[in-house]
*Asks:* 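Have a look at the structure that comes next, please.
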Number of protein chains: 2
Amino acid sequence: MDYDKQSEILKILGHPIRLKMVEGLMNNECNVNKIMEVLNIPQSTASQHLGKLKSAGVLVSRKEGVRICYKVADKQVRDIMKILQG
Amino acid sequence: MDYDKQSEILKILGHPIRLKMVEGLMNNECNVNKIMEVLNIPQSTASQHLGKLKSAGVLVSRKEGVRICYKVADKQVRDIMKILQG
DNA sequence: TCCTTATATTCAAATATTACGATATTACAA
DNA sequence: TTGTAATATCGTAATATTTGAATATAAGGA
């Protein structure tokens with residue numbers, strides 16, 4: 001196991017806002033504005049958390065005009081989320 | 001899902017030393033001295049990481065004379081580890 | 001008792017993370 | 001163009017985490 005890499009992913013998931021984001025993006029694609037509204041957090045906060053998740057490879061993004069749509073990319077993360085959901 | 005609780009567990013697992021500890025304690029019970037030797041880290045560092053894992057409910061400990069033996073307690077954590085191991 | 005071993009706790013410095021306002025960038029529409 | 005909406009990035013203060021030496025505690029043996 002690559003401990004540095006795997007622990008990095010767990011650490012990134014280990015924040016309540018990011019965990020909510022990832023759960024919400026498991027089945028739906030969603031743009032930043034919607035995400036910040038749903039989670040009721042400032043735009044820069046939303047953007048930064050999404051940025052971290054993307055850097056870690058958890059999410060991927062797609063441009064759609066002005067909007068940026070995020071969704072879960074990582075199979076392993078998907079499996080972990082299923083476990084957390086019970 | 002309890003986001004605070006679940007993200008807390010992921011955060012605790014999200015450290016390379018702690019991830020190594022948990023993996024090593026999946027199948028074997030082990031005392032602190034052995035753990036610090038195997039991981040080649042100072043005693044206080046080992047003890048603190050083990051303390052965090054125990055506080056989070058990831059590990060349980062058992063007294064055996066002077067020794068304290070740790071092992072993985074949490075079923076969910078066990079499942080997550082299996083995913084990480086591929 | 002005194003010594004030794006095993007473990008936990010305390011403390012402080014170094015480092016990392018988080019939050020969010022302010023500012024920059026980008027795309028599109030008027 | 002100019003304006004506006006969507007997103008990213010910057011700056012930075014507040015907070016949290018990590019590390020390891022020093023110290024405390026606890027158990028067993030001589």
Side-chain angles (χ1 to χ4, degrees), chain A residues 3-25 28-73 77, chain B residues 3-25 28-73 77:
Chain A
Y3 298 100
D4 286 331
K5 192 181 174 195
Q6 299 288 46
S7 65
E8 184 63 25
I9 290 186
L10 294 174
K11 186 167 64 172
I12 291 289
L13 293 177
H15 186 290
I17 289 180
R18 291 194 292 265
L19 199 55
K20 283 180 200 169
M21 286 176 161
V22 172
E23 191 189 38
L25 295 169
N28 326 56
E29 208 183 30
C30 192
N31 62 290
V32 181
N33 235 285
K34 187 73 185 300
I35 295 170
M36 55 181 274
E37 279 170 14
V38 171
L39 299 184
N40 194 34
I41 54 178
Q43 184 270 321
S44 70
T45 302
S47 188
Q48 277 179 111
H49 283 301
L50 289 167
K52 284 192 179 190
L53 287 164
K54 189 180 170 186
S55 295
V58 173
L59 302 180
V60 287
S61 63
R62 181 176 65 83
K63 234 180 188 170
E64 195 183 66
V66 216
R67 313 260 175 81
I68 310 260
C69 300
Y70 284 91
K71 66 176 178 180
V72 173
V77 167
Chain B
Y3 297 99
D4 286 331
K5 193 182 172 195
Q6 298 288 46
S7 64
E8 183 63 25
I9 289 186
L10 293 174
K11 187 167 66 170
I12 291 290
L13 292 177
H15 187 290
I17 288 180
R18 291 195 291 265
L19 199 55
K20 281 179 201 171
M21 286 175 160
V22 171
E23 192 188 39
L25 295 169
N28 326 56
E29 208 182 30
C30 192
N31 62 289
V32 182
N33 234 285
K34 186 74 185 297
I35 294 170
M36 56 179 272
E37 280 171 15
V38 171
L39 300 184
N40 194 33
I41 54 179
Q43 184 268 322
S44 70
T45 302
S47 187
Q48 281 178 107
H49 284 301
L50 289 167
K52 286 193 176 190
L53 288 165
K54 189 182 170 185
S55 295
V58 173
L59 302 181
V60 287
S61 64
R62 180 176 65 85
K63 234 180 187 172
E64 195 183 67
V66 215
R67 311 263 175 80
I68 310 258
C69 300
Y70 284 91
K71 67 177 177 181
V72 174
V77 167

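Chain A is the first sequence line, chain B the second, and so forth, proteins listed ahead of strands; every chain is numbered from 1.
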*Asks:* Within this structure, what is the CD1-to-P distance between I41(B) and dA8(C), rounded to whole angstrom?
*Replies:* 12 Å

*Asks:* Which pair of non-hydrogen atoms, one from V72(A) and one from V22(A), has the smallest distance, and what is that distance?
*Replies:*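 Heavy-atom minimum between the residues: CG2-O, 3.6 Å.
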
*Asks:* Rounded to whole angstrom units, what separation is found between the CD1 atom of I68(B) and the C1' atom of dA6(C)?
*Replies:* 8 Å

*Asks:* Along DNA chain D, 5' to 3', what are the outermost nucleotides having an atom less than 4.0 Å from a heavy atom of chain B?
*Replies:* dT17(D) to dG28(D)

*Asks:* Just to be sure I understand the geometry, which residues of residues 44-57 of chain A put a non-hydrogen atom under 4.0 Å away from DNA chain C?
*Replies:*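 Hits under 4.0 Å, by residue number: S44(A), T45(A), Q48(A), H49(A), K52(A).
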
*Asks:* Quick one: pull up CD1 in I68(A) and CG in N33(A) and give me the separation to the nearest 0.5 Å.
*Replies:* 11.5 Å

*Asks:* Rounded to whole angstroms, how far apart are CD on E8(A) and P on dA16(C)?
*Replies:* 11 Å

*Asks:* Nearest 0.5 Å, please: how far is CG in N31(B) from CD in E37(B)?
*Replies:* 8.5 Å

*Asks:* By side-chain contact (heavy atoms from CB on, under 4.5 Å), which residues pair with N40(B), not counting sequence neighbours?
*Replies:*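 Here no residue qualifies.
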
*Asks:* Can you tell me how far apart CE (M36(A)) and OG1 (T45(A)) are? Round to the nearest 0.5 Å.
*Replies:* 9.0 Å

*Asks:* Reading DNA chain C from 5' onward, which residue's closest nucleotide shows up sooner: C69(B) or V66(A)?
*Replies:*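 In this pair, the answer is C69(B).
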
*Asks:* From CE of M36(A) over to P of dA19(C), roughly how many Å is that when rounded to an integer?
*Replies:* 15 Å

*Asks:* So does N33(B) get a side-chain nitrogen or oxygen closer than 4.0 Å to the phosphate oxygens (OP1/OP2) of dT7(C)?
*Replies:* yes

*Asks:* For dT17(C), does either OP1 or OP2 sit under 4.0 Å from a side-chain N or O belonging to K11(A)?
*Replies:* yes

*Asks:* Can you run down the side chain to side chain donor-acceptor pair (under 3.5 Å) pairs that involve residues 7-20 of chain B, sequence neighbours left out, and say none if there aren't any?
*Replies:* R18(B)-H49(B)

*Asks:* Heavy-atom contacts under 4.0 Å between residues 14-21 of chain A and DNA chain C, which residues?
*Replies:* H15(A), R18(A)

*Asks:* Should I35(B) and L25(B) count as side-chain neighbours, where that means a heavy-atom distance under 4.5 Å?
*Replies:* yes

*Asks:* Working to the nearest 0.5 Å, report the span between NZ of K5(A) and CG of L10(A).
*Replies:*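 That separation rounds to 12.5 Å.
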
*Asks:* Using the side chain to side chain donor-acceptor pair (under 3.5 Å) rule, collect all pairs that involve residues 58-71 of chain B, keeping only residues at least two apart or in two chains.
*Replies:* E29(B)-R62(B), K54(B)-S61(B), R62(B)-E64(B)

*Asks:* Please state how far atom CD1 in I12(A) lies from atom C1' in dT18(C), giving the value in whole angstrom units.
*Replies:*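 Answer to the nearest Å: 12 Å.
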
*Asks:* Find the distance E64(A):CD to dC28(C):C1' and express it as a whole number of Å.
*Replies:* 14 Å

*Asks:* Would you check, one step at a time, whether the test side-chain contact (heavy atoms from CB on, under 4.5 Å) holds for I41(B) with M21(B)?
*Replies:* CA-CA 12 Å; I41(B) 54 179; M21(B) 286 175 160; 4.2 Å; yes

*Asks:* How long is the span from the CG atom in N28(B) to the CD atom in E23(B), to the nearest 0.5 Å?
*Replies:*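 So the gap between those two atoms works out to 10.5 Å.
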
